[in-house]
Amino acid sequence: MKEYSSDKIRNVAVVSHDGAGKTALVESLLLTSGAVDFVGKGQDNKHIMDFEPEEIKRNVTIQLGMAPCEWHDHKVNFVDTPGYNEFHGEVRAALRACDGMLMVLSATSGVETDTVRAWDYAVELQMPRMAFINKMDVDGADFFGTIERMRELFGKGIMPLQIPIGEGANFEGVVDVAKMTAFTYKDGQPTEIAVPAHLIEKAQEIREMTVEAAAEGSDELLEKYLEGEELSLEEIRQGLREGMISGRVCPIMCGSATSRIGLDQVLDRMIRYMPDATKKVMTATDAGTGEQCVVHVDKPLTAFVFKTLLDPFAGKQSFVRIFSGELKEGDRLFDVNQGVEEKWGKMVTLIGKQQIPVSSAKAGDIVVIPKLANAKTGDTLTAPDFKVTYDAIRFPQPLYTVALEPVKKGEEEKLASAVLKVAEEDPTCVVVKNAEARQLQIDCMGEVHLEHILNKMDRKYGVQAKLVTPYIPYRETIKGSAETESKYKKQSGGHGQYGHVKIQVDPLYDGTEFAFVDKIFGGAVPKQYIPAVEKGAKETLDKGLIAGYPMIGVQVTLLDGSYHSVDSSELAFKVATSQAIKDVIPKAKPVLLEPIYEVNVFAPDAFMGDIMGDLNSRRGRVLGMEQSERTGISVVKAQVPLAEMADYVTALRSITQGQGVFNRQFYTYEEVPHKQAEEIIAARKTQE
């Protein structure tokens with residue numbers, strides 16, 4: 001593959017809901033362009049892009065993959081992404097690396113949940129987007145119904161550039177409404193024909209919409225259009241391109257990936273309408289001054305690691321988008337985030353898993369650099385004399401928490417190492433080493449994502465894990481005040497031990513976990529022993545006195561005591577205080593506390609009643625409901641105990657047919673209801 005200048009490069013993230021035929025489209029585009037000479041079909045498991053064992057087994061995309069092709073003296077870098085929502089972090093990574101998005105929709109299923117999610121993220125990134133309505137040759141295909149639904153959800157900027165010749169078994173080609181010509185296909189090869197007579201009226205209607213949208217792309221074209229002058233084909237294309245780059249227009253095409261109908265026109269329009277890399281202007285942070293700066297393609301080298309793959313045999317692969325400058329073999333490469341210069345030997349491009357060596361890459365290109373020792377996803381790589389950083393990728397919040405133990409005893413370290421390696425590849429797998437529980441926890445995206453993580457650890461790192469109940473960080477506190485005294489006295493024939501304290505405990509309501517007040521006067525307890533009293537109190541409270549959870553919100557006041565000039569020691573006062581705490585807490589109305597989280601649930605209005613009912617069943621307090629920014633989507637605000645949220649990811653998807661999402665953050669601790677508290681305390685005692 002030859003070297004291309006920045007203006008000849010197009011980077012396209014291909015996204016869809018699961019099952020729309022996205023990967024089949026990418027592979028058929030590669031075949032159409034000549035980048036590959038064979039692609040698999042359906043369930044034959046010979047796909048180029050989906051080559052991981054679990055992708056083959058499930059016949060779905062799990063991780064993003066890249067593949068470049070050449071078309072009409074341009075290079076198009078495709079980044080294929082998963083369609084299943086639990087792997088949506090890969091979509092975000094892909095969109096960060098690309099300049100445009102191609103949405104793939106099924107002509108039979110129309111607009112689905114994850115298509116909407118990808119659209120929203122592209123809008124957030126101000127990314128140009130076009131769409132391809134696939135599976136026009138499948139029974140039940142509905143091109144115009146899909147267009148109508150897209151307009152309802154995404155606005156009037158949805159603009160068909162084609163209409164189909166037939167649908168389902170009768171689908172044979174497409175009409176180019178701008179040129180008012182048509183193409184039929186056989187074995188992927190087009191034949192130009194006149195627009196079929198029964199489609200002329202519809203094609204002219206769509207063409208008028210297209211011309212109007214193009215005219216709005218610039219003041220000059222709009223003036224010409226309003227004066228009744230005919231826009232030339234090139235002017236229509238110019239206006240559509242400007243409209244797409246601004247985000248005002250989303251061009252729509254149609255065809256069939258498996259029958260290879262309309263694919264040459266998809267490639268043509270990617271080159272014609274997708275922005276070239278010279279138009280990419282990035283905002284970075286100067287590593288030295290912390291100030292914002294603008295980075296154009298002609299600046300010194302900057303690049304961004306948007307994906308990391310680890311292989312026990314091949315080592316690490318860093319997927320890198322070059323935003324400015326040029327990278328050549330032998331150049332120095334500085335990882336600004338890690339503060340180190342990286343040693344590297346080569347770079348490649350990938351078609352699936354096939355590596356193709358690359359000796360140099362200009363701004364706008366996407367390459368893979370093997371065996372970078374320090375680089376992580378989200379790092380910025382630069383020339384040593386131009387140290388800037390780009391913002392990290394905003395990955396979705398993983399909210400499905402599980403705890404893991406090795407199946408085989410003694411493999412705890414091996415398991416921890418494997419989980420950390422998986423997390424380095426996948427930022428939506430977050431490892432939490434819970435020291436309080438001595439438990440290894442992971443936050444992931446759901447049950448399917450978890451299964452993928454467990455399979456990957458077994459396959460790549462030879463360690464099997466089993467699920468255990470995640471530890472809930474309950475707390476204990478008191479609701480009343482009490483006082484007691486304790487004397488620790490021990491004689492063993494020689495030097496003895498003597499410590500005597502009188503203490504009072506009171507509840508704290510200001511959020512303070514522990515406070516110690518010294519009210520000793522007259523030296524009843526010498527000053528050198530006061531810290532031992534405080535330490536004895538704190539350590540005893542930290543171990544818990546009801547169910548073994550740390551006790552918080554307690555003030556301990558040292559009221560009085562006595563000492564022995566020979567036998568007293570720090571240890572004696574520490575033990576005496578510990579005994580006093582154990583004696584006084586049961587008198588101070590101790591209770592169990594649980595963590596409460598603020599939860600925001602986003603879903604279509606139709607599901608609001610079921611969502612609120614489910615939250616109530618989880619002991620949640622529904623605080624209210626508001627309209628979100630998107631029409632038809634509301635947000636429920638609630639406060640819910642963490643103990644009731646374990647399966648909420650799965651439950652919400654079930655309630656909302658996959659359309660609901662939520663976020664959460666810690667709010668406060670509240671008293672556990674008496675019945676649940678008794679069950680928790682009893683369960684803890686059986687573990688002792």
Could you list the residues that satisfy ring-ring contact (aromatic ring centres under 6.0 Å, His included) with Y597, not counting sequence neighbours?
F666
Listed by chain and number, what are the ring-ring contact (aromatic ring centres under 6.0 Å, His included) partners of F602, not counting sequence neighbours?
none
Just by modelled atom types, is the L310 backbone N or O under 3.5 Å from a matching donor or acceptor in the K460 side chain?
yes
Taking salt bridge (charged side-chain N to carboxylate O under 4.0 Å, His left out) as the definition, give me every residue that meets it alongside D379, ordered by chain and number, with sequence neighbours left out.
none
Is the side chain of R684 donor-acceptor paired with the backbone N or O of G548 at a distance under 3.5 Å, no angle test?
yes
Here the gap from N374 atom CG to F334 atom CZ, rounded to the nearest 0.5 Å, amounts to 10.0 Å
Answer yes when K535 and E570 have at least one side-chain N-carboxylate O distance shorter than 4.0 Å, and no when they do not.
no
What heavy-atom pair brings P370 and M347 nearest, and what distance separates the two atoms?
CD-CA, 4.3 Å
Partner residues of T382 under the side chain to side chain donor-acceptor pair (under 3.5 Å) criterion, sequence neighbours left out
none
R321 charged N/C atom sitting above Y390 aromatic ring, 6.0 Å / 45°
no
Answer with yes or no whether the side chains of E436 and Y471 bring together a donor and an acceptor at under 3.5 Å.
yes
Quick one: CD1 on I369 to NZ on K346, what's the gap to the nearest 0.5 Å?
12.0 Å
Which heavy atom of G446 sits nearest to which heavy atom of V649, and what is that distance?
CA-CG1, 4.3 Å
Would you check if V448 and F87 make a side-chain contact, meaning some heavy-atom pair closer than 4.5 Å?
yes
One should read off an interatomic distance between L381 CG and E341 CD, to the nearest 0.5 angstrom, of 11.5 Å
Considering all heavy atoms of both residues, which atom of T115 and which atom of S16 are nearest to each other, and what is their separation?
OG1-C, 4.4 Å
Set of salt bridge (charged side-chain N to carboxylate O under 4.0 Å, His left out) partners for E112, sequence neighbours left out
none
My understanding is that only residues two or more places apart in sequence, or in another chain, count here; which of them pass side chain to side chain donor-acceptor pair (under 3.5 Å) with K387?
none
Whether over 12 other heavy atoms sit under 6.0 Å from K376 NZ
yes
Here the gap from I442 atom CD1 to I453 atom CD1, rounded to the nearest 0.5 Å, amounts to 4.5 Å
Here the pair of heavy atoms bringing I655 nearest to F607 is O-CD2, 3.3 Å
Exam field: side chain D458 to backbone L454, donor-acceptor pair closer than 3.5 Å
no
Please report the shortest heavy-atom distance between Y474 and A643, naming the atom on each side.
OH-CB, 3.5 Å
Sequence neighbours excluded, which residues qualify as ring-ring contact (aromatic ring centres under 6.0 Å, His included) partners of W119?
F154
Residues at least two apart in sequence or cross-chain that pass side chain to side chain donor-acceptor pair (under 3.5 Å) with N337, listed by chain then number, are none
In this structure, CD of E679 is separated from NE2 of H674 (nearest 0.5 Å) by 10.5 Å
Looking at E86 and H449, would you say the former's side chain and the latter's main chain have a donor-acceptor pair under 3.5 Å?
yes
Under 3.5 Å, side chain of E476 to main-chain N/O of L545, donor-acceptor pair present?
yes
Check: P470 main-chain N/O paired with Q439 side-chain donor or acceptor under 3.5 Å
no
Can a salt bridge be assigned to the pair D120 and R117 using a cut-off of 4.0 Å between side-chain N and carboxylate O?
no
Just by distance, do the side chain of T686 and the backbone of A683 share a donor-acceptor pair under 3.5 Å?
yes
For E413, enumerate each residue passing the salt bridge (charged side-chain N to carboxylate O under 4.0 Å, His left out) test, keeping only those at least two apart in sequence or located in another chain.
none
R618 charged N/C atom sitting above Y648 aromatic ring, 6.0 Å / 45°:
no
Donor-acceptor contact present, side-chain N616 to main-chain M612, <3.5 Å:
yes
Closest approach of P68 and A35, non-hydrogen atoms and distance?
O-CB, 3.9 Å
Would you check if N85 and V661 make a side-chain contact, meaning some heavy-atom pair closer than 4.5 Å?
no
Taking T477 for its side chain and I552 for its backbone only, find out whether a donor-acceptor pair lies under 3.5 Å.
yes
Interatomic distance, CD1@I322 vs CG@D365, rounded to 0.5 Å, equals 6.0 Å
Taking the side chain from S578 and the backbone from V575, do they hold a donor-acceptor pair closer than 3.5 Å?
no
Among all residues two or more places apart in sequence or in another chain, which pass the ring-ring contact (aromatic ring centres under 6.0 Å, His included) test with Y400?
none
Out of the candidates V367, I366, L309, V305, only one should pair with F319 under the side chain to side chain contact (heavy atoms under 4.5 Å, CB included) rule; please name it.
L309
Looking at K574 and E539, does any basic side-chain N land under 4.0 Å from a carboxylate oxygen?
yes
Does E671 have any side chain to side chain donor-acceptor pair (under 3.5 Å) partners at least two apart in sequence or in another chain, and if so, which?
K479
Can E670 and R619 be counted as an ion pair, charged N to O under 4.0 angstrom?
no
Show me the pairs that pass side-chain hydrogen bond (donor to acceptor under 3.5 Å, both in side chains) and involve residues 303-317, at least two apart or across chains.
E90-K307, T308-T377, K316-E424
